[in-house]
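Have a look at the structure below before the remarks.
These figures come from a predicted structure and were not determined experimentally.
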Amino acid sequence: MLTADSINQYALPAFLLAILVEALVSFVYQKAWYQPRDTALSFGLLVLSALIDVLPKALAVVVFYQLYELSPLKTVVGTHWWAWCLLFVLDDLIYYWFHRANHEVRLLWTGHEAHHSAQIMNFGTALRQGVGERIHKYWFWLPLPLLGFHPVMVLTMISINLAYQFWVHTETVDKLPAWFEWIFNTPSHHRVHHGSNVAYLDQNHGGVLIIWDRFFGTFAEEIPERPVVYGLTKNLEGRNPLYFAVAGYLALWRDLKACQTASQRFGILFKAPGWHFEGPDLRAKTRRAALHE
């Protein structure tokens, strides 16, 4: 059976080769898609995320197996072809809500922020993983083993989804055929997701499929007349991966110390980034609504 380990065995060399080819194209055609220190930062965050990921993933696997053993559906689901198809859809739906929650709950955003710190878009940016998000990530997938999907299948599908997402971090691809753009996440859609433009903020959270964004109202089209400005609304300084990994937590702690009431602390922790009890309200939805006033 296909496993996460077998996928990663072939995916990582392919990713590294793609980065080298894209960097060479950038150099030959003077596209400025790559900057050495920026790419080094992405690799540094990849290493940190891999180290932090070990314990949460191991704990999640244990819980996955326990839930799987409790599931009355495990003998029904099995490893049938239709089970893999259903798992693909459910996994992608869960990824959408996990990703969206990372953008709309500040406590979760602090662990995801580093991924959006890149001010240029390239395949290397895909490796700039959010370090802190590894801690809470796997708990979003708990329903799947309880529904009878074997933990190995669940982890494999998570890896397939992530492997697909690597390829949407690029400016080398413009628009794909309209039918593909309507159904699937594409480089165009994901460039929007990485935009700090008010019109693009917190949009296009899909993993493989973009239909969830269309259905749940978080879709935005890339507009040529509105070039994407990559990065955060307030970019981080320096190139230290450890600082980038914890910068969101440091800012969160400063705001929590300034709180006077429990409701203020709740808002800081669980409302979207940009909200502050002292104002102004700089949440993405609020700022976007102001554009249409």
Side-chain angles (χ1 to χ4, degrees), residues 1-12 14-15 18 49 53 57 77 79-104 112 115-116 121-130 133-134 137-145 147 149-195 200 202-222 228:
M1 182 169 62
L2 187 67
T3 66
D5 288 339
S6 62
I7 292 171
N8 295 334
Q9 178 183 354
Y10 295 102
L12 186 57
F15 295 165
S49 66
D53 189 52
K57 186 174 183 179
V77 174
T79 57
H80 304 290
W81 67 268
W82 58 263
W84 282 99
C85 294
L86 179 58
L87 178 60
F88 166 78
V89 175
L90 293 177
D91 167 77
D92 202 66
L93 178 60
I94 289 174
Y95 179 84
Y96 167 82
W97 283 109
F98 158 72
H99 196 182
R100 181 172 173 176
N102 279 345
H103 282 258
E104 297 185 352
H112 184 63
H115 179 63
H116 283 265
M121 175 64 80
N122 55 48
F123 287 139
T125 301
L127 303 184
R128 185 181 295 216
Q129 295 294 300
E133 73 181 57
R134 322 308 295 182
K137 171 180 178 176
Y138 296 101
W139 308 113
F140 281 77
W141 275 261
L142 291 181
L144 295 183
L147 288 173
F149 294 98
H150 194 280
V152 172
M153 293 175 65
V154 175
L155 293 171
T156 299
M157 194 58 69
I158 291 174
S159 293
I160 291 173
N161 197 305
L162 288 177
Y164 176 90
Q165 290 179 54
F166 173 87
W167 303 102
V168 300
H169 290 82
T170 184
E171 291 196 296
T172 61
V173 177
D174 187 14
K175 292 275 190 176
L176 296 171
W179 68 268
F180 196 93
E181 293 277 343
W182 204 94
I183 299 172
F184 294 100
N185 191 15
T186 65
S188 176
H189 297 328
H190 205 65
R191 286 192 291 268
V192 166
H193 178 71
H194 276 263
Y200 293 155
D202 294 350
Q203 303 285 72
N204 297 1
H205 304 293
V208 176
L209 304 174
I210 202 67
I211 56 174
W212 311 121
D213 289 283
R214 296 183 186 277
F215 184 79
F216 293 113
T218 54
F219 176 76
E221 191 80 35
E222 183 182 28
V228 179

Exercise: identify the closest heavy-atom pair between Lys57 and Leu155 | CE-CD2, 4.3 Å
Return the minimal non-hydrogen interatomic distance between Leu176 and Pro187, and the atom names on each side.
-> CD1-CD, 4.3 Å
First locate atom CZ of Phe216, then atom CG of Leu93, and finally report the distance between them rounded to the nearest 0.5 Å.
-> 5.5 Å
Criterion ring pair (Phe, Tyr, Trp, His ring centres under 6.0 Å) on Phe166 and Phe123, from CA distance to verdict | CA-CA 7 Å; Phe166 173 87; Phe123 287 139; 5.0 Å; yes
Find the distance between CD1 (Ile94) and NZ (Lys137) and round it off to the nearest 0.5 Å.
-> 12.0 Å
Test item: Arg128 and His169 side chains (from C-beta on) under 4.5 Å apart, heavy atoms | no
Going through the checks in order, is the salt bridge (charged side-chain N to carboxylate O under 4.0 Å, His left out) test met by Glu104 and Arg100?
-> CA-CA 6 Å; Glu104 297 185 352; Arg100 181 172 173 176; 3.0 Å; yes
Is it true that atom CH2 of Trp82 has more than 12 heavy atoms of other residues, nucleotides or ligands lying nearer than 6.0 Å?
-> yes
To the nearest 0.5 angstrom, please state how far the CG atom of Asp202 sits from the OG1 atom of Thr218.
-> 9.5 Å
Closest non-hydrogen contact found for Gly130 with Ser49 is O-CB, 4.3 Å
Is any side-chain heavy atom of Trp182 closer than 4.5 Å to a side-chain heavy atom of Ile211?
-> yes
Specify whether His115 and His194 have parallel, tilted or perpendicular ring planes, treating 30° as the upper limit for parallel and 60° as the lower limit for perpendicular.
-> perpendicular
Rounded to the nearest 0.5 angstrom, the NE2-CH2 distance for His205 and Trp97 is 9.0 Å
is_close_aromatic(Trp212, Tyr95), centroid dist under 6.0 Å = no
Sequence neighbours excluded, the answer for side-chain hydrogen bond (donor to acceptor under 3.5 Å, both in side chains) partners of Tyr200 is none
Reported CG-to-CG distance for the pair Asn185 and Asp213, which is rounded to 0.5 angstrom | 7.5 Å
Within a strict 4.5 Å, meaning less than it, do heavy atoms of the Phe149 and Leu90 side chains meet?
-> yes
Supply the atom-to-atom distance Leu87 CG to Thr79 OG1, rounded to the nearest 0.5 angstrom.
-> 11.5 Å
Could you check if a side-chain atom of Tyr138 sits within less than 4.5 angstrom of a side-chain atom of Asp53, using non-hydrogen atoms only?
-> yes
Does the side chain of Asn161 pick up a donor-acceptor pair with the side chain of Asp92 at under 3.5 Å?
-> yes
Considering only heavy atoms from C-beta outward, does the side chain of Ile160 approach that of Phe88 to under 4.5 Å?
-> no
Determine, step by step, whether His189 and His193 satisfy the side chain to side chain donor-acceptor pair (under 3.5 Å) criterion, reporting the C-alpha distance in whole Å, the side-chain angles of both residues, the deciding distance to 0.1 Å, and the verdict.
-> CA-CA 7 Å; His189 297 328; His193 178 71; over 6 Å; no
Taking every non-hydrogen atom, the tightest pair across Glu221 and Val192 | C-CG2, 4.0 Å
Side-chain contact test, heavy atoms from C-beta onward, threshold under 4.5 Å: evaluate it for Val154 versus Asp91 and give yes or no.
-> no
For the residue pair Trp167 and Ala18, what are the closest heavy atoms and their distance?
-> CZ3-CB, 3.6 Å
Per the side chain to side chain donor-acceptor pair (under 3.5 Å) rule, which among Lys175, His190, Arg191 passes with Glu222?
-> Arg191
Which of parallel (below 30°), tilted (30 to 60°) and perpendicular (above 60°) describes His99 and His112?
-> perpendicular
CZ/Phe215: more than 12 non-hydrogen atoms of other groups inside 6.0 Å = no
